J.: 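To start, I am sharing the structure in question, which I have written as structure tokens.
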Amino acid sequence: MYSEEQKQYFSEQLLIWYGRHKRDLPWRQNKNPYYIWISEVMLQQTRVDTVIPYFHRFIEQFPTVKALAEAPEEQVLKAWEGLGYYSRARNLQSAVREVHERYGGQVPNEKAEISSLKGVGPYTSGAILSIAYNKPEPAVDGNVMRVLSRYFLIEEDIMKPSTRVRMEALAKDLIPEGTAGDFNQALMELGAMVCTPRSPHCLTCPVMVQCAAREEGMEEALPIKKKAKPPRPERRLVALIKGEGVNDGKWLIRQRPQEGLLARMWELPHIELGHSEWQTDEVNMDVLRETISLSEGIRLAPSGWLMDTDHTFSHIYWDMKVYQCSLDQASLSREKEGLLPFHYRWISQEELVQFAFPNVFVRIMKAWQEAQG
DNA sequence: AAACCGGGGTT
DNA sequence: AACCCAGGTTT
């Protein structure tokens, strides 16, 4: 394997460096397992600077396991609005409810128990066990794989599950007695601050002189990572529907399905366009009216183009055209009979803050409001 | 193993 | 414009 000297040097120097350079982050104020848990879930695929304000608001709104367990899901989703990967929020609350009911609100400190919770995978279980309870478990994230692949010159594809398993064994082996929490955080801190994906700051690195990749001039080439597939393009026509009469000043929004992309979030009504090219605005508005009529049973009256926008998810690219609409008279009279589809609602600007929207729709609504002056 | 699941910062 | 981020779940 690797020499004991190289491993021991790494762990010792890293801990010394961490003691001097660790950032003062909100979730490092104490070892409350619930707070550690919240922070680790928020930090999945999300940068520290993005998470900080969300973390503060979240623990203020849901200060305890009990508070989060008893909160309505819509409120939790709203608190997560803009962070992305919303299944994290839904799984987190589901898991917290289980901790509340099955473990009396105490976050488990056993690997098997904590790993069985929804949304808690190998990384998060290791992070909570080591940081909150100082248990000698590895917490291998993208930072850790980058650091280890460079220091030990590991040329395996880090996208492969087998590589992560190997990294976990190595990372666990590197933990000095009684320092799991600090050591795991030190490893991630080094990856975030020094051993960065591109242009690593090797000259300030505490373990540079023993870094195998540096020795070989390979630090920029590691880690090896198979290229991801580009997102597939989709064209969408969006209806910004303004109310009239009793609904004056309100917008018509709808809730997304229970499962799948952006599950249970609210959005502006829209359709996916099948063909490969955009049509004229006139044709687009006809298609929008007819398709919404067929699928939802409400009649739109599109009145004009508002804006173009786009949004990239991890695996889908949305190219969007937004049209101003109202409901035509037939729909208005039917709505008075209570025939608006159940997942649709009229809401005022003030009520907007109660509903969780994907960021792409937040942007559209803000742009419209600013255009109004 | 591959696909699904957001959104934004860095270079 | 490409790359990546304190990943997990489902197929």
Side-chain angles (χ1 to χ4, degrees), chain A residues 22-23 25-28 36-55 77 80-92 94-95 114-128 130-132 138-147 157-165 167-168 171 181 183-193 195-201 220 222-232 256-257 259-265 267 310-318 356-363:
Chain A
K22 67 176 170 187
R23 289 170 289 177
L25 299 173
W27 43 90
R28 288 180 178 163
I36 303 293
W37 184 8
I38 301 295
S39 71
E40 291 302 339
V41 174
M42 286 187 170
L43 286 162
Q44 292 168 7
Q45 299 292 284
T46 310
R47 288 185 157 67
V48 165
D49 290 341
T50 304
V51 166
I52 289 174
Y54 281 92
F55 178 78
L77 212 50
W80 211 270
E81 183 186 73
L83 260 187
Y85 285 122
Y86 299 97
S87 65
R88 290 186 294 174
R90 297 188 293 265
N91 288 337
L92 173 61
S94 171
I114 198 163
S115 298
S116 73
L117 297 170
K118 278 189 182 174
V120 179
Y123 165 75
T124 307
S125 65
I128 297 171
S130 62
I131 298 171
V140 173
D141 68 345
N143 285 312
V144 173
M145 291 209 275
R146 185 172 58 255
V147 170
D157 180 1
I158 63 167
M159 294 299 280
K160 290 168 61 177
S162 60
T163 306
R164 199 206 69 228
V165 171
M167 296 275 188
E168 283 170 349
F183 179 76
N184 285 345
Q185 292 185 83
L187 210 38
M188 294 187 274
E189 192 88 347
L190 188 75
M193 305 305 291
C195 197
T196 48
R198 279 170 291 187
S199 309
H201 307 96
E220 294 264 25
L222 294 171
I224 306 292
K225 188 174 183 179
K226 194 180 65 183
K227 273 207 177 90
K229 278 178 55 177
R232 66 172 184 274
R256 294 182 59 83
E259 307 290 333
L261 181 70
L262 304 167
R264 280 170 272 180
M265 297 190 78
E267 65 181 4
D310 56 57
H311 187 69
T312 305
F313 300 93
S314 42
H315 57 304
I316 310 173
Y317 171 76
W318 278 2
F357 290 87
N359 235 26
V360 57
F361 297 107
V362 172
R363 287 203 326 264

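Proteins get letters first, then strands, A, B, ... in listed order; numbering begins at 1 in each. Just so it is clear, the structure is predicted and the values come from calculations on it, not from any experiment.
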J.: Can you check the distance between dT11(C) and dG6(B), where both ends of the measurement are the P atom (answer in whole Å)?
T.: 15 Å

J.: Side-chain N or O of Arg47(A) versus OP1/OP2 of dT10(B): is the shortest distance under 4.0 Å?
T.: no

J.: Grab the CD1-P distance between Ile158(A) and dA1(B) for me, whole Å please.
T.: 15 Å

J.: Whole-Å distance between dA1(B) C1' and Met159(A) CE?
T.: 11 Å

J.: Under 4.0 Å between a side-chain N or O of Lys118(A) and OP1 or OP2 of dG8(C)?
T.: no

J.: Which one, dA6(C), dG6(B), dG8(C), comes nearest to the side chain of Asn143(A)?
T.: dA6(C)

J.: Considering only dG7(B), dT10(B), dA6(C), which nucleotide approaches the side chain of Glu189(A) most closely?
T.: dA6(C)

J.: So Lys160(A), base contact, sugar-phosphate only, or nothing? Heavy-atom distance under 4.0 Å.
T.: nothing

J.: Answer with base, sugar-phosphate or nothing: what part of the nucleic acid does Thr124(A) contact at a heavy-atom distance below 4.0 Å?
T.: sugar-phosphate

J.: Rounded to the nearest Å, what distance is computed from the OH atom of residue Tyr86(A) to the P atom of nucleotide dG6(B)?
T.: 7 Å

J.: When all nucleic acid strands are considered with a 4.0 Å heavy-atom cut-off, which category describes Arg256(A): base, sugar-phosphate, or nothing?
T.: nothing

J.: Base, sugar-phosphate or nothing for Thr50(A)? Non-hydrogen atoms, less than 4.0 Å.
T.: nothing

J.: Counting just side-chain N and O atoms, does Gln45(A) come under 4.0 Å of either OP1 or OP2 of dG7(C)?
T.: yes

J.: With the side chain of Val48(A) defined as its heavy atoms from C-beta on, choose the nearest nucleotide among dA6(C), dC4(C), dG8(C).
T.: dA6(C)

J.: Does dC5(B) have its OP1 or OP2 closer than 4.0 Å to a side-chain nitrogen or oxygen of His315(A)?
T.: yes

J.: Over how many whole Å does the gap from Leu222(A) atom CG to dC4(C) atom C1' extend?
T.: 16 Å

J.: With the side chain of Leu261(A) defined as its heavy atoms from C-beta on, choose the nearest nucleotide among dC5(B), dC3(C), dA2(B).
T.: dC5(B)

J.: If the cut-off is 4.0 Å, is Asn359(A) near the phosphate of dG6(B), judged by side-chain N/O to OP1 or OP2?
T.: no

J.: Arg198(A) or Ser39(A): which one's nearest nucleotide on DNA chain C is closer to the 5' end?
T.: Arg198(A)

J.: Does Trp37(A) reach the side chain of Val120(A), with side-chain heavy atoms less than 4.5 Å apart?
T.: yes

J.: Roughly, in whole Å, what's the span from CE in Met167(A) to P in dA6(C)?
T.: 16 Å

J.: If you check every side-chain atom of His311(A), which of dA2(C), dG6(B), dA3(B) has the closest atom?
T.: dG6(B)

J.: Does a donor on one side chain sit under 3.5 Å from an acceptor on the other, for Gln44(A) and Tyr123(A)?
T.: no

J.: From Phe55(A) CZ over to Met42(A) CE, what is the distance, rounded to the nearest 0.5 angstrom?
T.: 7.5 Å

J.: Any donor-acceptor pair under 3.5 Å linking the side-chain atoms of Gln45(A) with those of Arg88(A)?
T.: no

J.: What's the shortest heavy-atom distance between Asp141(A) and Val144(A), and which atoms?
T.: OD1-N, 2.9 Å

J.: Would you mind telling me which residue lines up with the more 5' stretch of DNA chain B, Leu83(A) or Ser162(A), judged by nearest nucleotide?
T.: Ser162(A)

J.: Want to settle it: does Thr312(A) or Pro161(A) sit nearer the 5' end of DNA chain B, counting the closest nucleotide to each?
T.: Pro161(A)

J.: Nearest whole Å is fine: how far is dA3(B) P from Lys226(A) NZ?
T.: 8 Å

J.: What does Ser87(A) touch in the nucleic acid at a heavy-atom separation under 4.0 angstrom: a base, only the sugar-phosphate, or nothing?
T.: nothing

J.: Out of dC3(C), dA6(C), dC4(C), which nucleotide sits closest to the side chain of Lys225(A)?
T.: dC4(C)

J.: Does Trp27(A) reach a base, just sugar-phosphate, or nothing at all? Heavy atoms under 4.0 Å.
T.: base

J.: Mind checking Leu25(A) for me? I need base, sugar-phosphate or nothing, with any heavy atom below 4.0 Å counting as a touch.
T.: base

J.: Look at all strands and tell whether Gly82(A) reaches a base, only sugar-phosphate, or nothing, counting heavy atoms closer than 4.0 Å.
T.: sugar-phosphate

J.: Could you please spell out the steps behind the salt bridge (Lys or Arg N to Asp or Glu O under 4.0 Å) verdict for Glu189(A) and Lys22(A)?
T.: CA-CA 7 Å; Glu189(A) 192 88 347; Lys22(A) 67 176 170 187; over 6 Å; no

J.: Which is true for Leu262(A) with a 4.0 Å heavy-atom rule: it touches a base, it touches only sugar-phosphate, or it touches nothing?
T.: sugar-phosphate

J.: For Val41(A), answer base if it contacts any base atom (sugar-phosphate contacts may also be present), sugar-phosphate if it contacts only those atoms, and nothing otherwise; contact means non-hydrogen atoms under 4.0 Å.
T.: nothing

J.: Take atom P in dT11(B) and the same atom in dA6(C), then report the distance between them in whole Å.
T.: 13 Å

J.: Return the value, rounded to whole Å, for the distance between atom CD of Glu81(A) and atom P of dC5(B).
T.: 19 Å

J.: Taking the side chain as everything from C-beta on, heavy atoms only, tell me whether Met145(A) gets closer than 4.5 Å to Arg164(A).
T.: yes

J.: On DNA chain C, does the nearest nucleotide to Ala192(A) precede the nearest nucleotide to Asn91(A) from the 5' side, or the other way round? Give the residue.
T.: Ala192(A)

J.: What contact category does Arg164(A) fall into here, base, sugar-phosphate, or nothing, at under 4.0 angstrom with non-hydrogen atoms?
T.: nothing

J.: What's the CG-C1' distance between Asp49(A) and dA6(C), to the nearest Å?
T.: 13 Å

J.: Please examine the side chains of Leu187(A) and Asn143(A), heavy atoms only from C-beta on, and report whether any two atoms are closer than 4.5 Å.
T.: no

